[in-house]
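Proteins come first, then strands; the chains are lettered A, B, ... in the order of their sequence lines, and each starts at number 1. These values consider heavy atoms only, across backbone and side chains, with no hydrogens, waters or symmetry-generated copies.
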Number of protein chains: 2
Amino acid sequence: MESKKPVDRRMQIIEAAGKSFAMFGYKATTMELVSKIAGVGKGTIYTFFATKEDLFGEIIRQLAGELRSLAERMIDRERNFFANLAAVLHELLLFREKHELMVKLSQEIRDIGTPMAKDGIAKLEQAIQGFIQHEVELAVKKGELRDSVDPALTAFIMLKLYVAIGVEWSKSHPLTREEIADYFTNLLSSGVAAR
Amino acid sequence: MESKKPVDRRMQIIEAAGKSFAMFGYKATTMELVSKIAGVGKGTIYTFFATKEDLFGEIIRQLAGELRSLAERMIDRERNFFANLAAVLHELLLFREKHELMVKLSQEIRDIGTPMAKDGIAKLEQAIQGFIQHEVELAVKKGELRDSVDPALTAFIMLKLYVAIGVEWSKSHPLTREEIADYFTNLLSSGVAAR
DNA sequence: CAATTGACCGGATTGTAATTATGGTCATTT
DNA sequence: AAATGACCATAATTACAATCCGGTCAATTG
């Protein structure tokens, strides 16, 4: 029971901050606004978070957690590595397009390049990459992937590749989810050289 | 003999513009400055180019030509497709880092996001991608690559992937040219699935 | 007395009006 | 006929006052 009043306050603040960052982005969220939404005095926020960046960091940390657990839920140990990978990456793309905070931060980066917003998105991508890296390591152990691969680089590549196909390429050449997954899986698993 | 005075003027202007765009970027290059460097009156530029964008377009077109011929020279028909591809992409990365105009435009995009600079770089990348696509088509015909690949998408992917490894990943994990080429070739030719 | 608050501070940001710089034109010159 | 640069309208920059906001802390509360 380490909870009671202080934890309640902390929660109120985190929830208020989450809403505000999602609605207005990093820059347009003021500490005063957060305090109003949370129904606490501005000074109270500083009892729990040293700076606005800290508060934002906590929100990002929670979102990264959500992201990881979402990815976790997409994994079906009955399926092979590539099927799981495509499913996870697809889900992450959807999340990116649907989750208000991610949408807002991406927009803010495009429009005004807020460094903290970049930082936040980078942390989220890092979380995803870390998750994939872990899966790659498992797949190597299980013998599904060659043990010559560098898990970190491979995870990095997989994420880049999926985003490149699923977002950038799809802009000019619409592809269905299946087409993306097929192309992606095929390229990664066996390459393009003639057999 | 369609050359004489007019062509000479045109050349003077193009050379001056090339220098100015490379030294000051798109935005900070003024038509007056170009005319001064070229040693002609400002109005004369408009005899040959309708707008500043046109003039810039011509400079980019020439650079794209240089880029293509550089790529062409890297191709050795004795070597296999992947060796040539890695050589070409490596050379293009060097070019990107060394050619003043490309460096300046990239910096301008980072710093102030000049749309015309973005446009110029995009055209250059398009030229590169087109070149690779052509090589992919040849390789498919020669039976070096599977004929199930989509040449345009494959060229797009190859460029993305090489830049991702050679620029982004190398920032945090320095790799030699050979390591990049090896990883890249290996991944593209045969994938990462256990054999 | 520990927790909470909001008035307050100084530096950053923004609105805006005046000034300057620049792309493009065209009457004049060569 | 080709070339030029003064000129124009608008875009970009500057200067600066007004406003905003992150963070502090003395006063207040329960």
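Nucleic acid contact class of T51(B) (heavy atoms, under 4.0 Å, all strands): sugar-phosphate only.
With sequence neighbours left out, K123(B) forms a salt bridge (Lys or Arg N to Asp or Glu O under 4.0 Å) with D119(B). Residues forming a salt bridge (Lys or Arg N to Asp or Glu O under 4.0 Å) with R61(B) (at least two apart in sequence, or on another chain): E58(B). A search for side chain to side chain contact (heavy atoms under 4.5 Å, CB included) contacts involving A194(B) returns nothing, not counting sequence neighbours. Taking E125(B) as the reference, R96(B), I121(B) meet the side chain to side chain contact (heavy atoms under 4.5 Å, CB included) condition, with sequence neighbours excluded. Listed by chain and number, the residues in a side chain to side chain contact (heavy atoms under 4.5 Å, CB included) with K52(B) are F21(B), Y26(B), M31(B) (sequence neighbours excluded). Residues forming a side chain to side chain contact (heavy atoms under 4.5 Å, CB included) with K160(B) (at least two apart in sequence, or on another chain): A164(A), E168(A), F156(B). Every salt bridge (Lys or Arg N to Asp or Glu O under 4.0 Å) that R77(B) has, sequence neighbours left out, goes to E135(B).
As rounded to whole Å, 17 Å separates atom P of dG24(C) from atom CZ of F48(B). We find that OH of Y46(A) is positioned 13 Å from C1' of dG6(C), with the value rounded to whole Å. Rounded to whole Å, the distance from NZ on K52(A) to C1' on dC21(D) is 8 Å. Straight-line distance from the CG atom of L55(A) to the P atom of dC21(D): 16 Å, rounded to whole Å. Here the P atom of nucleotide dT25(C) and the CZ atom of F49(B) are 15 Å apart, to the nearest Å. For the pair D8(A) CG and dT4(C) P, the interatomic distance rounds to 10 Å; values are reported in whole Å. Rounded to an integer number of Å, the gap from CE of M31(B) to P of dA9(D) is 20 Å. Atom CD of E32(B) is separated from atom C1' of dC7(D) by 12 Å (rounded to the nearest Å).
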Every protein N/O within reach of nucleotides 11-15 of chain C N/O, cut-off under 3.5 Å:
{"residue": "dT14(C)", "atom": "OP1", "partner": "K27(A)", "partner atom": "NZ", "Å": "2.5"}

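Contacts between residues 107-117 of chain A and DNA chain C, counted as heavy-atom distances below 4.0 Å, involve no residue at all. If you check residues 38-45 of chain A against DNA chain C, the residues with a heavy atom closer than 4.0 Å are V40(A), G41(A), K42(A), G43(A), T44(A), listed by number.
Between K36(A) and E32(A), at least one side-chain nitrogen of the basic residue sits less than 4.0 Å from a carboxylate oxygen of the acidic one, meeting the salt-bridge criterion. Using a 4.0 Å cut-off between a side-chain N of Lys or Arg and a carboxylate O of Asp or Glu, K104(A) and E108(A) do not qualify as a salt bridge.
Sorted pairs that involve residues 175-193 of chain B and meet salt bridge (Lys or Arg N to Asp or Glu O under 4.0 Å), not counting sequence neighbours, are lacking altogether. The list of salt bridge (Lys or Arg N to Asp or Glu O under 4.0 Å) pairs with a residue in residues 82-94 of chain B, not counting sequence neighbours, is empty.
Within the 4.0 Å cut-off from OP1 or OP2 of dA2(D), not a single side-chain nitrogen or oxygen of R9(B) is found.
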